[in-house]
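See structure below.
Chain letters run A, B, ... following the sequence lines, proteins first and then strands; every chain starts at 1.
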Number of protein chains: 2
Amino acid sequence: MKPVFVEEIHQLHAELCQALADPKRILILYALSERPLNVGELTELLGIRQSNVSQHLAVLRDRGLVNAERDGTNVRYSLKYPMVVAALDLLRGVLRDSLSDTRNRAERLMEIVR
Amino acid sequence: MKPVFVEEIHQLHAELCQALADPKRILILYALSERPLNVGELTELLGIRQSNVSQHLAVLRDRGLVNAERDGTNVRYSLKYPMVVAALDLLRGVLRDSLSDTRNRAERLMEIVR
DNA sequence: TTCTTATATTCGAGAGATCGAATATATCCC
DNA sequence: GGGATATATTCGATCTCTCGAATATAAGAA
């Protein structure tokens with residue numbers, strides 16, 4: 001495998017992470033991990049403009065992370081790879097540890113300052 | 001827990017993902033998962049400017065993903081949470097599946113077009 | 001066809017990310 | 001102290017992201 005392809009893999013890998021790098025898209029993915037939802041339901045859930053929801057869904061579609069199935073006038077979105085949510089869960093664990101570390105460090109510093 | 005805090009968690013979660021959303025930072029994290037490295041070694045590995053490496057390391061530091069330990073004139077960086085690389089591995093798996101799906105779809109389409 | 005509802009796309013403004021170049025800081029050695 | 005090396009930061013240009021507003025498309029009902 002040529003180095004140029006290796007770099008392209010890392011680019012795609014980064015673009016996948018980029019798709020997760022927005023709080024609303026994270027919410028969308030977690031919601032879809034429960035059950036498929038159409039755009040209207042997601043719009044109500046997120047409490048933002050419908051066009052904005054569609055824009056975020058377009059990002060997730062571009063990255064191949066969701067399926068879109070038209071059902072009459074609705075479009076039903078579903079999660080394509082549950083592993084994405086597993087990855088998000090791992091990162092949430094990292095976040096928890098990181099916050100805990102930060103808090104403990106702050107507490108130690110407070111002891112010294114007191 | 002108040003809704004405002006829930007939203008802040010999703011914001012932090014997204015910021016964590018954002019830290020992974022760059023090919024060079026992904027390479028840095030994978031390299032550090034093998035062993036701690038100093039800035040010079042990372043610069044050589046990535047083949048980019050030293051200032052750029054420092055900038056990427058600053059992002060990872062800000063998000064609390066790496067430790068930086070000064071050793072004389074060098075600074076040794078190490079991975080703080082191996083789970084981050086586990087999450088990257090999961091996403092790489094998703095990427096592989098996604099590419100495989102795309103290829104298979106293209107093959108089926110070629111059958112029809114032929 | 002026209003009307004209505006659901007969803008998608010386009011556009012432009014503002015915010016944010018990335019880079020190289022230049023400069024600053026920190027440590028060590030003399 | 002001064003000089004050398006390693007790393008960090010700042011600055012400005014360019015690019016990308018996100019949003020709301022407006023508009024476009026698609027399907028169904030009348």
Side-chain angles (χ1 to χ4, degrees), chain A residues 7-8 10-29 31-32 35-80, chain B residues 7-8 10-29 31-32 35-80:
Chain A
E7 282 181 27
E8 188 155 356
H10 286 124
Q11 178 63 40
L12 291 170
H13 202 169
E15 283 169 16
L16 211 51
C17 295
Q18 176 62 38
L20 312 181
D22 181 279
K24 289 155 192 167
R25 289 198 292 271
I26 290 177
L27 265 169
I28 290 174
L29 290 168
L32 294 183
R35 64 187 180 87
L37 294 165
N38 60 38
V39 181
E41 292 168 321
L42 286 168
T43 301
E44 191 175 0
L45 183 68
L46 298 183
I48 60 178
R49 316 265 158 184
Q50 173 267 321
S51 71
N52 197 359
V53 175
S54 278
Q55 286 165 340
H56 284 300
L57 288 170
V59 172
L60 297 175
R61 252 187 292 123
D62 279 355
R63 276 32 174 216
L65 296 185
V66 294
N67 290 307
E69 252 189 289
R70 189 170 272 280
D71 171 24
T73 164
N74 292 339
V75 176
R76 172 145 302 240
Y77 278 87
S78 58
L79 192 62
K80 213 157 167 182
Chain B
E7 282 181 28
E8 187 155 356
H10 286 124
Q11 178 64 39
L12 292 170
H13 202 169
E15 282 169 17
L16 211 52
C17 295
Q18 175 62 37
L20 312 181
D22 181 280
K24 289 154 192 167
R25 288 199 292 271
I26 289 178
L27 264 169
I28 289 174
L29 290 169
L32 294 183
R35 65 187 181 89
L37 294 166
N38 60 38
V39 180
E41 292 168 321
L42 285 168
T43 301
E44 191 175 0
L45 183 69
L46 298 183
I48 59 179
R49 315 268 159 183
Q50 173 267 321
S51 72
N52 196 0
V53 175
S54 278
Q55 285 165 340
H56 283 301
L57 288 170
V59 172
L60 297 175
R61 252 187 294 124
D62 279 354
R63 276 31 175 219
L65 296 186
V66 295
N67 290 306
E69 252 188 289
R70 189 170 272 280
D71 171 22
T73 165
N74 292 339
V75 176
R76 174 145 302 243
Y77 278 87
S78 58
L79 192 62
K80 213 158 168 180

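One can place CZ of R49(A) at 16 Å from C1' of dT7(C), the figure rounded to the nearest angstrom. Atom CG of D22(B) and atom C1' of dC19(C) are 11 Å apart (whole Å). One atom, CZ of R25(A), and another, P of dT18(D), lie 4 Å apart when rounded to the nearest Å. The distance from atom CD of Q11(B) to atom C1' of dA15(C) is 13 Å, rounded to the nearest whole Å. In this structure, L20(A) places its CG atom 14 Å from P of dC17(D), rounding to the nearest Å. The separation between R61(A) atom CZ and dT7(C) atom P is 12 Å, rounded to whole Å. As a whole-Å value, the separation of N52(A) CG from dC19(D) C1' is 6 Å. Nucleotide dA21(C) holds its P atom 12 Å from the CD atom of Q55(B), rounded to whole Å.
Residue R76(B) is out of contact with every strand shown, counting any heavy-atom pair closer than 4.0 Å.
The side chain of T73(A) sits closest to dT5(C) out of dA8(D), dT5(C), dC19(D). Side-chain proximity of H56(A) to the nucleotides dC19(D), dA22(D), dA8(D) is greatest for dC19(D). Listed nucleotides dT27(C), dA22(D), dA22(C) differ in distance to R70(B); the shortest reach to its side chain belongs to dT27(C). For L57(B), counting side-chain heavy atoms from C-beta on, the closest listed nucleotide (dC19(C), dT9(C), dA8(D)) is dA8(D).
Nearest heavy atom pair, residue R76(A) against residue P36(A), reads NH1-O, 3.5 Å.
Checked by atom type and distance alone, the side chain of E41(B) pairs as donor or acceptor with a backbone atom of N38(B) at under 3.5 Å. Although no hydrogens or angles enter the test, the distance criterion places no donor-acceptor pair under 3.5 Å between the side chain of R63(B) and the main chain of C17(B).
A heavy-atom distance below 4.5 Å is found between the side chains of V66(B) and R61(B).
For Q50(A) and dA8(C), a side-chain-to-base donor-acceptor distance below 3.5 Å is present, hydrogens and geometry of angles not being considered.
Checked by atom type, the side-chain pair Q50(A)/S54(A) shows a donor-acceptor distance below 3.5 Å.
Map S51(A) and I48(B) each onto its nearest nucleotide of DNA chain C; the residue landing nearer the 5' end is S51(A). Taking the nucleotide of DNA chain D with the nearest heavy atom to each of V39(B) and Q18(A), the more 5' of the two is matched to V39(B).
Contact check, N74(A) against dT5(C): no side-chain N or O comes under 4.0 Å of OP1 or OP2. Side-chain N/O atoms of Y77(B) include none lying less than 4.0 angstrom from OP1 or OP2 on dA6(D).
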